[in-house]
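Atoms within each ligand, like the ligands themselves, are counted from 1 in listed order.
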Amino acid sequence: MPDPSRPIRTAAVIPAAGRGVRLGPGAPKALRTLGGTPMLVHAVRAMAASRAVSLVVVVAPPDGAPEVRALLDEHSFGRAELLVVPGGETRQESVRRGLDALPDDVDVVLVHDAARPLVPVDTVDAVIAAVRSGAPAVVPALPLADTVKRVEPRPKGEAEPVTGTPERALLRAVQTPQGFDRETLLKAHDTVVEGEGATDDAGLVERLGAPVVVVPGHEEAFKVTRPLDLVLAEAVLARRRATDGYV
Ligand code: CTP
Ligand code: MG
């Protein structure tokens with residue numbers, strides 16, 4: 001039983017073990033730089049910027065944990081404690097390895113993509129606040145700009161028949177950090193089998209049948225996926241450095 005007199009402890013797990021195939025050839029995506037600083041360093045700072053976050057667990061490429069540890073040791077992240085663990089073949093496996101490294105006294109867990117280096121601290125705090133006030137799973141999300149079609153997938157280059165258009169007003173594009181009551185997230189990872197189509201952690205919780213809620217996301221929490229996203233990220237960073245003294 002949790003001790004009610006003990007303060008709530010919040011940790012962030014940052015999956016950073018992906019290769020970044022869609023970004024093109026080069027170093028693993030999390031180690032590519034933005035404004036001269038590795039994306040992962042920005043992502044760790046974004047989590048450590050929240051006063052509530054006392055531990056950050058970085059999930060490094062499977063054979064790259066010592067290098068990532070050495071890289072992070074060159075930077076400072078305030079009061080937050082830092083752990084580095086090796087990741088796995090899939091994002092779900094990488095998150096699982098991060099969760100396995102959490103000490104027993106952590107009650108609230110954020111899972112944040114290293115590929116979203118510029119999420120503002122207010123978004124992080126809003127997610128944490130919603131979990132602390134009782135929601136077992138919280139995702140930041142934004143309304144869509146584009147209309148979305150459902151299609152019958154065909155091989156690349158072939159025209160794909162449209163099978164429907166979901167009502168855009170009912171859709172949200174979800175971001176990270178996603179926040180969870182620790183027990184709920186562990187149960188979801190223990191129960192839901194890889195490959196059942198969940199592409200985020202909240203998706204695993206949904207499969208348990210537990211409630212998931214959305215809080216407002218932020219346009220600067222976008223995921224760096226393709227080369228054009230790097231151009232946007234550099235521009236956002238340059239604007240921050242010019243206006244708020246962000247490093
Ligand atoms: N990730 C991970 N372990 C994996 C795959 C992905 O920790 N085996 C992490 C990535 O490092 C990233 C986050 O999950 O921070 C979101 O994944 P995505 O944006 O798809 O990154 P990559 O898988 O690296 O990119 P791509 O799919 O283009 O290869
Ligand atoms: Mg991927």
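Salt-bridge annotation for Arg239 and Asp244: absent, with no side-chain N of the basic residue lying under 4.0 Å from a carboxylate O of the acidic one. By the 4.0 Å N-to-carboxylate-O rule, Arg9 lies close enough to Glu81 to be salt-bridged with it. Look at Arg154 and Glu152 and you find a salt bridge, because one of the NZ, NE, NH1 or NH2 atoms lies within 4.0 Å of a carboxylate O, short of that distance. Salt-bridge formation is not detected for the pair Asp100/Arg97: no Lys NZ or Arg NE/NH1/NH2 atom is positioned less than 4.0 Å from an Asp or Glu carboxylate oxygen. No salt bridge links Asp146 with Arg168; every basic N to acidic carboxylate O contact stays at or beyond 4.0 Å.
Considering backbone and side-chain N/O of Val21, one or more are found under 3.5 Å from N/O of ligand 1. At a 3.5 angstrom cut-off on N or O pairs, Val224 does not count as close to ligand 1.
Taking all heavy atoms of Gly87, Gly88, Pro15, Gly20 into account, the minimum distance to atom 22 (P) of ligand 1 is reached by Gly20. In this comparison of Glu89, Glu93, Lys223, the heavy atom closest to atom 19 (O) of ligand 1 sits on Lys223.
The proximity of Arg22 to ligand 1, defined as any non-hydrogen pair under 4.0 Å, involves the side chain as well as the backbone.
Ligand 1 lies less than 4.0 angstrom from a heavy atom belonging to Thr90.
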- [ ] Show your reasoning for whether salt bridge (charged side-chain N to carboxylate O under 4.0 Å, His left out) applies to Asp107 and Arg6.
- [x] CA-CA 10 Å; Asp107 320 271; Arg6 184 174 62 75; 2.8 Å; yes
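In the vicinity of Ser94, heavy-atom distances shorter than 4.0 Å reach the ligand 1 atoms 2 (C), 3 (N), 4 (C), 7 (O), 8 (N). Annotation for ligand 1: atoms under 4.0 Å from non-hydrogen atoms of Ala115 are 15 (O). Residue Ala16 has at least one heavy-atom neighbour below 4.0 Å for each of these atoms of ligand 1: 7 (O), 11 (O).
Of the protein's heavy atoms, Gly18 N, 3.7 Å lies nearest to atom 10 (C) of ligand 1.
With Val119 as the partner, the side-chain contact (heavy atoms from CB on, under 4.5 Å) test is satisfied by one option alone out of Lys223, Glu220, His112: His112.
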